[in-house]
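Only one structure is covered here, and it is reproduced in the block below.
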Amino acid sequence: MAERVGFIGLGAIGTPMARHVARAVPTTVWNRTAAKAQAFARASGATAAATPRELVAACDAVITCLPTTREVREVLEAADGAWRAGQLLVDATSGDPAGSRRNAAWLGERGVGFVDAPVSGGTSGAEQGTLTVMLGGDARWIPWARTLVAPYARKVEHVGPVGAGHALKAVNNALLALNVVAAGEGLAALVKLGVPGRRAVDVINASSGRSNVTEHLIPERVLTGAWPRTFSLALLDKDVGVALEVLRDTGIDSDTFAAVKRALEHARALLDAGADHVEVIRGIEERAGVTIR
Ligand code: NDP
């Protein structure tokens, strides 16, 4: 019988990822808000499970895409009794390394494998099936994990043991956050000096300070005033917190990551709870009394 894959967490990025999985293999989905899982099943031909336990019982491998490692643990425990030896959990959550090592140990006691497999590329990369996937886990589970993530991935790298994928993802997102904050503050200053925002971004993108933020996020979301909500500021703040823990655990001193964390917390206090991560720049604009256009 063909392998059946379970997908848990049909959020902003989980939904397009699950769509690719459901096109590739027989798939069962579960989501906390059941209506989303039922609508997904109707549209994709996947099966909707009523509980995490029902999903785990029906599947050979499971992919989770939840806000943090805490929710992953809740789901693992909710399915206790259904896990069986030889299954594999691939965790696409941007989680925390220490929590994932604990989850891997909990599953290991049941004979179940664990690979952390956070993704980068945003909701558009998920729609296109071109995400970058960072695998952390024991080498014996990696070939299977690769086949499970393949439907939504363009680049898949095994970067180390359990937790290494999450550590790398957290550092990546701290760099994203740093670029958002620094570009927003620098551009606000330039606009105040009378340099048109569009011209400043154009020159930076032909110079050495350019980044994904100046090349894509600012032109598409700030200069247009579109401010779409695809990846929440709350989740980015969580990622920078994980990155700070990674630095602390490895004894690396950093004022920079801590300053970026403070800037995100400051922005969260100003913006509404559903704000997107790029809206940090909207907060900077408001405080500076300028618009970057
Ligand atoms: P969303 O907030 O859009 O979705 C969260 C999902 O988790 C929903 O399916 C939600 O269910 C479910 N959920 C929340 N709390 C619980 C709980 N206690 N128990 C069970 N399920 C729960 O998040 P995203 O899809 O944006 O992000 C998911 C993960 O992917 C995060 O770790 C994020 O950092 C990461 N990520 C996101 C990217 C993006 O561009 N959005 C890019 C790269 C990584 P419900 O529908 O009921 O609310």
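Only this structure's heavy atoms are used, side chains among them; waters, hydrogens and symmetry mates stay out. Just so you know, ligand 1 is whichever comes first in the structure, and atom 1 is the first atom listed for that ligand.
Listed by number with element, the atoms of ligand 1 under 4.0 Å from a non-hydrogen atom of Glu71 are 15 (N), 16 (C), 17 (C), 18 (N). Those atoms of ligand 1 with a heavy atom of Lys169 less than 4.0 angstrom away are 43 (C). Distances below 4.0 Å separate heavy atoms of Lys36 from the following atoms of ligand 1: 45 (P), 46 (O). When each atom of ligand 1 is checked for a heavy atom of Leu10 under 4.0 Å away, the hits are 9 (O).
Judged by the 6.0 Å distance and 45° axis criteria, Arg146 is not positioned over the aromatic ring of Trp144.
With a 4.5 Å cut-off on side-chain heavy atoms, Thr27 and Thr47 do not count as touching. Taking 4.5 Å as the limit, every side-chain heavy atom of Leu135 sits out of range of all side-chain heavy atoms of Trp141.
With respect to atom 43 (C) of ligand 1, the closest heavy atom belonging to the protein is Val119 O, 3.5 Å. For atom 4 (O) of ligand 1, the nearest non-hydrogen atom of the protein is Gly11 CA, 3.3 Å. The nearest heavy-atom contact from the protein to atom 33 (C) of ligand 1 is Leu235 CD1, 3.7 Å. The protein heavy atom nearest to atom 1 (P) of ligand 1 is Ala12 N, 3.9 Å.
The shortest N or O to N or O distance between Ile13 and ligand 1 is under 3.5 Å. For the pair Thr33 and ligand 1, the shortest N or O to N or O distance falls below 3.5 Å. Close N/O approach between Gly9 and ligand 1 is not found [any backbone or side-chain N/O within under 3.5 Å]. Where the criterion is an N or O separation shorter than 3.5 Å, residue side chain and backbone included, Thr93 fails it with respect to ligand 1. Taking any N or O of Leu66, backbone or side chain, at least one lies under 3.5 Å from an N or O belonging to ligand 1. Residue-to-ligand polar distances place Ser94 within reach of ligand 1: an N/O pair is separated by less than 3.5 Å. The distance criterion of under 3.5 Å between nitrogen or oxygen atoms is not met by Phe231 with respect to ligand 1. The shortest N or O to N or O distance between Lys238 and ligand 1 is below 3.5 Å. Note: an N/O pair closer than 3.5 Å links Glu74 and ligand 1 by distance alone.
At a heavy-atom distance under 4.0 Å, no atom of Ser120 approaches ligand 1. With a 4.0 Å cut-off on non-hydrogen atoms, Arg32 touches ligand 1 through its backbone as well as its side chain. Using a 4.0 Å cut-off between heavy atoms, Thr230 contacts ligand 1 through its backbone alone, with no side-chain atom that close.
Residue contacts with ligand 1 include Cys65, since one of its heavy atoms falls under 4.0 Å from the ligand.
Around CG of Asp272, the count of heavy atoms belonging to other residues, nucleotides or ligands within 6.0 Å exceeds 12. Surrounding CZ of Arg229 are more than 12 heavy atoms belonging to other residues, nucleotides or ligands, all under 6.0 Å away.
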